[in-house]
Peer 1: 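Next up is a structure, given as structure tokens.
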Amino acid sequence: MVSAHLMNGNLDNSFSGLMVSGDCEGGQAQNGGTNTTLLGWKDLPMELLLRIISVAGDDRMVIVASGVCTGWRDALGWGVGSLSFSWCQDHMNELVMSLAHKFTKLQVLSLRQIKPQLEDSAVEAVANNCHDLRELDLSRSFRLSDRSLYALAHGCLHLTRLNISGCSNFSDTALIYLTSQCRNLKCLNLCGCVRAVSDRALQAIARNCGQLQSLNLGWCDTVTDRGVTCLASGCPELRAVDLCGCVLITDESVVALANGCTHLRSLGLYYCQNITDRAMYSLAANSRIRSKGMSWDTTGSRRSRDDKDGLANLNISQCTALTPPAVQAVCDSFPALHTCPERHSLIISGCLSLTAVHCACALHPHRAGRAMLSNHAY
């Protein structure tokens with residue numbers, strides 16, 4: 001590693017010296033004050049190189065820079081923790097295979113594609129070289145097979161976030177094996193993984209991934225209450241669950257989530273037409289039960305509920321069996337659920353019978369105004 005005297009302000013001196021190197025014979029420049037001789041771009045101190053790359057903010061520049069010389073390759077391999085290939089519209093597979101060994105310290109990698117390019121060979125290269133990987137996006141990788149999941153299970157044991165949405169060729173056997181090895185998963189996007197997501201796979205996730213906080217099962221239409229109830233008991237830390245298009249689930253799934261996942265903040269039930277008022281009343285009832293168990297602050301006063309408690313997003317579009325009183329009960333129980341345009345977080349489109357449901361902003365317009373100001377503050 002480069003000595004500490006080249007860091008901070010001295011990096012600017014090094015860069016200034018490099019800028020005038022063209023006027024020096026042989027391309028050499030003496031850096032005043034540091035006695036550092038810069039022979040050219042390839043002799044940039046590691047910290048300065050990483051600063052330039054970070055300011056540029058272009059992953060394509062990182063990749064090009066890694067090919068300049070061995071020193072730059074080693075510096076970038078050591079210092080680059082996040083990389084995206086999503087800009088690559090052609091030859092992504094070959095590019096990833098050729099570069100995986102250069103970026104062994106990657107913790108975040110996005111391989112999201114506009115059109116299918118990635119093959120198992122590239123994912124295997126990543127798994128064989130990037131053992132510190134924490135976050136991986138393989139969404140829309142239609143060409144991948146179970147080989148990729150088995151490779152990740154062997155080489156990337158520290159994964160906490162995995163997005164394989166749209167990867168329709170994976171089987172539930174491979175997904176089960178992955179979760180048995182990658183037990184630190186906190187966010188898992190399985191939307192559209194119709195072959196991989198079965199009740200058997202959900203049971204394995206519940207058994208192996210107790211830290212899971214976000215799970216997307218959108219349009220996995222073979223999921224039943226059996227799988228979801230297992231998740232609710234095995235993954236109590238769940239904050240966000242998307243069951244949109246899981247047409248076989250019933251109230252049992254929502255009741256189980258309401259009882260077992262006390263930190264639930266977002267629930268997607270779009271087009272789950274077997275959901276009835278019982279599910280809504282269960283959500284509302286659990287809100288009231290938890291409010292009775294509120295903690296006490298240092299002054300001895302009970303902490304009041306606010307928008308940070310309970311559901312903040314609920315999608316019940318096309319849940320045509322629901323009635324206004326049940327949905328109103330949910331809305332009244334969770335202050336963060338809104339039907340007003342400023343904070344549209346209770347989504348009821350396609351349910352004409354629910355147009356009378358309203359949030360507190362309808363009764364207290366100043367609340368909506370505060371919400372709008374809060375949104376602009378960020």
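Counting begins at 1 with the first residue of the sequence.
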Peer 1: Side chains of L109 and V96, heavy atoms from C-beta outward: is any pair under 4.5 Å?
Peer 2: no

Peer 1: If only atom types and distance count, is the side chain of R134 paired as donor or acceptor with the main-chain N or O of D132 below 3.5 Å?
Peer 2: yes

Peer 1: With sequence neighbours excluded, give me every salt bridge (Lys or Arg N to Asp or Glu O under 4.0 Å) pair touching residues 107-126.
Peer 2: D90-K115, E119-R143, E124-R147

Peer 1: Using a 3.5 Å distance criterion without hydrogens, assess whether the side chain of N169 forms a donor-acceptor pair with backbone atoms of F142.
Peer 2: yes

Peer 1: What's the separation between atom CG in D242 and atom CG in N315, rounded to the nearest 0.5 Å?
Peer 2: 7.5 Å

Peer 1: Mark yes or no for whether H358, through its side chain, and T355, through its backbone, hold a donor-acceptor pair below 3.5 Å.
Peer 2: no

Peer 1: Look at the aromatic rings of W219 and Y270 and report parallel, tilted or perpendicular, splitting at 30° and 60°.
Peer 2: perpendicular

Peer 1: Just by distance, do the side chain of H131 and the backbone of G155 share a donor-acceptor pair under 3.5 Å?
Peer 2: yes

Peer 1: Just by distance, do the side chain of S282 and the backbone of R278 share a donor-acceptor pair under 3.5 Å?
Peer 2: no

Peer 1: Any donor and acceptor pair, going by atom type alone, linking the side chain of T160 with main-chain N or O of K186 inside 3.5 Å?
Peer 2: no

Peer 1: Using the test ring pair (Phe, Tyr, Trp, His ring centres under 6.0 Å), find all partners of H344 that sit at least two apart in sequence or belong to another chain.
Peer 2: none

Peer 1: Do NZ/NE/NH1/NH2 and the carboxylate oxygens of R226 and D199 come within less than 4.0 Å?
Peer 2: no

Peer 1: Please check if any side-chain donor atom of N129 sits under 3.5 Å from a side-chain acceptor atom of T104, or the reverse.
Peer 2: no

Peer 1: Side chain of Q117, backbone of C88: donor and acceptor closer than 3.5 Å?
Peer 2: yes

Peer 1: Can you list the residues that meet the side-chain hydrogen bond (donor to acceptor under 3.5 Å, both in side chains) rule with Q213, with sequence neighbours excluded?
Peer 2: none

Peer 1: Do side-chain atoms of D251 reach the backbone of T276 as a donor and acceptor pair under 3.5 angstrom?
Peer 2: yes

Peer 1: Any luck finding a side-chain donor-acceptor pair between T173 and D146 under 3.5 Å?
Peer 2: no

Peer 1: Does any donor atom in the side chain of T222 or S198 lie under 3.5 Å from an acceptor atom in the other side chain?
Peer 2: no

Peer 1: Under 3.5 Å, side chain of R239 to main-chain N/O of E237, donor-acceptor pair present?
Peer 2: yes

